[in-house]
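Worksheet: the structure to be examined is printed underneath.
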Amino acid sequence: MESYEQLILKGTVENITYRNDDTGYCVIEIASNDELITVVGTMPYINIGERVTLKGNYTIHPSYGPQFKAELCERSMPATSAAVLRYLSSGAVKGIGPVTAQLIVEKFGEDSLNIIENEPMRLSEIKGISKSKAEKISEEYSKQFGIREVMLSLSGMSITANEAVRIYKKLGNASVDKIKENPFMLCSEGIGFSFERVDEISRSLDNSVPYKYRYKAGIEYVLRHNLRNGHTCLPKNRLVETAALLLNCEPDEVQSVLEDMLHNGVLTQCEIGEKEFVFLPYMYRAERYCANRIALMMKIPPDEVPVHKSRLAQFEERNGILYDSLQKEAIAQALSKGLLVLTGGPGTGKTTTLNAIIALLEEAGEDIALAAPTGRAAKRMSELTGKEAKTIHRLLEVEWGENDKQLFKRNECNPLEHTVIVVDELSMMDIQLFDALLKAMTANCRLILVGDVDQLPSVGAGNVLNDLIDSGVVPVIRLTRIFRQAMESLIVTNAHKIIAGQMPQNGDKDKDFFILPQSSPSVAAQLVSDLYCERLPKAYNFLPGDNIQVLCPSRKRNTGTISLNNLLQQRINPPAKNKSEMTHKGFVMREGDKVMQIKNNYDVMWVRDDGTEGSGVFNGDIGTLVKIDKFTSEIKVRFDDKTATYSGEEIEDLELAYAVTVHKSQGSEFDCVILPVLDIPPQLSYRNLLYTAVTRAKKLLIVIGTSSDISKMVANSKKTKRYTAFSSFLLDAANEM
């Protein structure tokens with residue numbers, strides 16, 4: 001690749017066409033040598049009237065023409081009275097509008113900014129500016145420059161503008177001093193740097209950082225890191241050993257700091273089964289609260305809903321259904337108890353049972369809310385029940401607080417009005433979300449929980465469905481009978497074979513489950529591509545970007561999502577002159593690409609085809625990237641009947657979705673699934689992952705790999721171990737009541 005010497009451009013900011021304060025990305029116009037030049041780049045909090053020195057190069061935008069792309073921006077404040085007036089009139093300083101700006105500059109001239117910063121009380125000499133207003137103006141001016149100075153200082157630590165804004169919001173004007181004193185503050189929640197990175201920053205500082213800061217941060221980091229592995233707590237001895245390895249020190253040193261942290265309440269300790277466990281305090285509180293609330297629901301249930309057998313018989317007749325004894329027991333439990341867990345595999349009648357429960361409760365006048373942990377799961381629940389279902393976040397009316405912390409409008413002080421809440425796909429529910437749901441329920445609210453205990457557990461920490469069942473405290477109905485219609489599907493029968501530890505059966509040409517033997521990862525990747533792009537569309541009339549989905553156990557290796565997304569993108573959506581593209585997370589995203597939303601974001605704005613406007617896209621939503629605007633750094637994505645607009649950091653929530661991981665597919669169903677199972681990392685080669693993948697397919701499933709690959713997954717019944725306390729706490733709470 002050719003290298004180009006950077007050019008230097010100097011001028012004064014005349015106009016700001018676009019500015020994103022979250023990312024610092026701006027499109028501005030500067031006056032330089034009597035010429036107006038468009039400049040794009042990261043220039044946080046820049047304002048009209050500032051003088052800038054830019055380093056970068058000229059580029060040609062296909063729609064907007066020549067632009068200067070700035071890689072570095074050095075700024076200085078306006079020097080002349082006219083420039084100061086333009087700067088203050090632009091709204092750069094909160095509290096100063098055009099009229100006030102004129103009065104200040106008439107009074108103080110080119111010394112105006114110095115007065116605002118260093119002698120703010122002199123502003124009160126101007127009619128209309130009180131001493132308190134003068135003080136506020138100075139504070140706003142200092143705050144703005146505080147952010148800039150923090151950004152400039154932190155850039156020397158290889159900290160980006162986006163990260164610097166986050167740090168400033170958390171630590172304020174004293175950010176740099178605080179970081180120099182204790183750089184491990186950067187590991188804290190709200191900033192979230194990795195421990196290894198902060199360790200490097202610490203070593204680069206001139207001063208010596210007390211070892212206790214480092215040890216404390218290392219211990220907390222191990223606990224936080226293990227939240228991502230599903231653990232709500234860790235055995236004390238394991239925490240000490242792991243932290244000692246991370247810190248490269250003796251376990252006794254870690255033990256000493258850990259005891260101080262426990263004594264001071266920074267962490268929480270609890271004995272479970274004669275073994276000490278350590279928690280982050282908010283995880284301990286969540287599991288304790290859930291346990292106590294469930295135990296209370298069991299002791300003081302809502303009033304029983306009387307259901308005569310004739311009502312159920314009428315429902316069966318109307319819908320052409322004949323419920324078996326276990327399904328009838330589930331229906332009776334749901335109506336008589338305050339809490340029910342309904343579980344079972346595919347084809348066992350969970351949905352038909354749930355539909356009867358909903359119908360009979362509605363007939364009794366109950367106010368029912370249907371919810372699921374993700375957008376895709378909620379959409380599927382709506383399709384199966386014919387009723388509106390929401391994400392749990394939407395049901396609880398989520399808001400985002402400081403440092404993007406999620407807050408719920410619905411809570412103990414503002415509970416939901418519903419008398420029944422039904423949650424589907426409970427296996428995907430983490431303990432913190434369950435905690436929020438229980439807090440938002442009234443004391444007499446009925447809770448019906450539905451899920452497949454053999455599916456993969458939640459992405460977040462906790463093991464709610466399994467812990468509820470394992471506690472033996474709550475009523476659980478597990479449906480086991482596979483109904484005749486479902487038995488005609490090899491997808492269904494093979495799913496049950498897999499979970500029973502048996503090899504799946506390969507189908508013949510009129511079946512819906514096929515195994516294509518292949519031992520070479522590179523050949524398998526090409527086979528996936530051929531099936532996706534040509535063979536399946538030709539044989540079954542499936543559309544590659546619509547109803548065919550590649551699922552992968554892993555992101556890495558030849559048959560992982562990263563490699564397969566690149567391969568499929570090249571065949572389905574290759575580069576073209578009429579298609580804009582951008583580099584995102586190190587990969588190319590192009591107009592026409594299939595993309596997935598990887599986390600809930602309730603702020604992304606969308607417009608439906610009928611003109612209805614709204615906001616919110618959800619984890620697992622799959623759509624098509626229809627527009628990339630490089631000028632504004634905005635992109636548009638088509639989801640079903642609506643088009644969403646992304647800008648700034650919102651784009652970070654999107655990934656290519658020709659191939660997605662099995663974990664990301666939870667709660668979704670696809671007409672056709674292609675599943676490569678060879679060259680899988682050992683830690684991902686297990687039964688529940690295979691079972692979850694198989695149960696994502698509705699009409700056709702093609703597994704690529706050898707009998708040995710499949711056999712290894714089927715034989716490995718060891719679920720990923722999760723350290724949680726909910727089940728133990730629930731048993732304790734039930735015994736105490």
Side-chain angles (χ1 to χ4, degrees), residues 9-54 70 73-153 161 164-165 168-169 171-176 402:
L9 181 66
K10 296 183 178 182
T12 303
V13 179
E14 295 292 319
N15 296 300
I16 298 174
T17 307
Y18 174 83
R19 178 169 68 190
N20 186 314
D21 287 338
D22 288 333
T23 65
Y25 181 83
C26 296
V27 180
I28 65 174
E29 291 181 318
I30 71 166
S32 178
N33 298 324
D34 299 323
E35 184 181 2
L36 205 60
I37 299 170
T38 299
V39 178
V40 299
T42 300
M43 298 168 278
Y45 300 99
I46 201 161
N47 285 294
I48 291 171
E50 291 187 55
R51 293 175 296 165
V52 293
T53 300
L54 306 165
C73 175
E74 296 176 358
R75 297 139 71 169
S76 56
M77 295 309 298
T80 67
S81 295
V84 170
L85 178 60
R86 291 195 69 240
Y87 172 76
L88 293 177
S89 298
S90 71
V93 180
K94 189 176 179 181
I96 300 179
V99 174
T100 305
Q102 182 74 39
L103 293 172
I104 292 173
V105 174
E106 284 177 357
K107 176 76 174 176
F108 300 112
E110 60 188 41
D111 199 35
S112 296
L113 298 182
N114 178 53
I115 295 295
I116 292 171
E117 183 177 12
N118 298 310
E119 300 178 74
M121 287 303 103
R122 289 190 61 190
L123 294 175
S124 62
E125 298 171 16
I126 298 171
K127 186 178 180 181
I129 300 180
S130 64
K131 289 185 177 181
S132 62
K133 184 175 180 180
E135 191 173 350
K136 287 180 181 177
I137 288 172
S138 181
E139 286 175 0
E140 284 296 328
Y141 184 82
S142 299
K143 177 182 175 182
Q144 187 180 115
F145 276 83
I147 294 173
R148 292 183 185 181
E149 289 171 10
V150 166
M151 287 181 172
L152 186 63
S153 298
V165 171
Y168 183 86
K169 287 179 180 178
L171 303 179
N173 281 332
S175 295
V176 176
E402 189 178 352

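Not measured: the values here are computed from a predicted model. We're numbering straight along the sequence, starting at 1.
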Could you pull out the closest heavy-atom pair between Glu14 and Arg86, with the gap in Å?
-> O-NH2, 3.1 Å

Taking every non-hydrogen atom, the tightest pair across Leu88 and Ala101 = CB-CB, 3.6 Å

Nearest 0.5 Å, what's the CD1-OG1 distance between Ile137 and Thr100?
-> 6.5 Å

Decide yes or no for Ile126 and Phe108: does some side-chain heavy atom of the first lie under 4.5 Å from some side-chain heavy atom of the second?
-> yes

Residue pair Leu123 / Ile115, side-chain heavy-atom distance below 4.5 Å | yes

From Thr12 atom OG1 to Ile28 atom CD1, the distance as rounded to the nearest 0.5 Å = 10.5 Å

Is there side-chain contact between Val52 and Val39, with heavy atoms separated by less than 4.5 Å?
-> no

For residues Ile30 and Leu54, determine if any side-chain heavy atom of one lies less than 4.5 Å from a side-chain heavy atom of the other.
-> yes

At their closest point, which heavy atom of Ser81 faces which heavy atom of Val105, and how far apart are they?
-> O-CG1, 3.8 Å

Test item: Leu113 and Tyr87 side chains (from C-beta on) under 4.5 Å apart, heavy atoms | yes

Shortest non-hydrogen separation from Leu103 to Lys127 and the atoms involved = CD1-O, 4.3 Å

Within the side chain of Ser32, is there an N or O that forms a donor-acceptor pair under 3.5 Å with the backbone of Lys10?
-> yes

Could you give the distance from OG (Ser112) to NZ (Lys107), rounded to the nearest 0.5 Å?
-> 11.0 Å

With Glu110, which residues qualify under side-chain hydrogen bond (donor to acceptor under 3.5 Å, both in side chains), at least two apart?
-> none

When rounded to the nearest 0.5 angstrom, what distance separates CD in Glu125 from NZ in Lys131?
-> 10.5 Å

So which heavy atom on Leu171 is nearest to which on Ser175, and how close?
-> CB-OG, 3.4 Å

Ser124 (side chain) donor-acceptor with Ser130 (main chain) under 3.5 angstrom = no

Interatomic distance, Arg122 atom CZ to Asn114 atom CG [nearest 0.5 angstrom] | 9.5 Å

In terms of heavy-atom contacts, Val13 and Asn47 come closest through CB-O, 3.5 Å

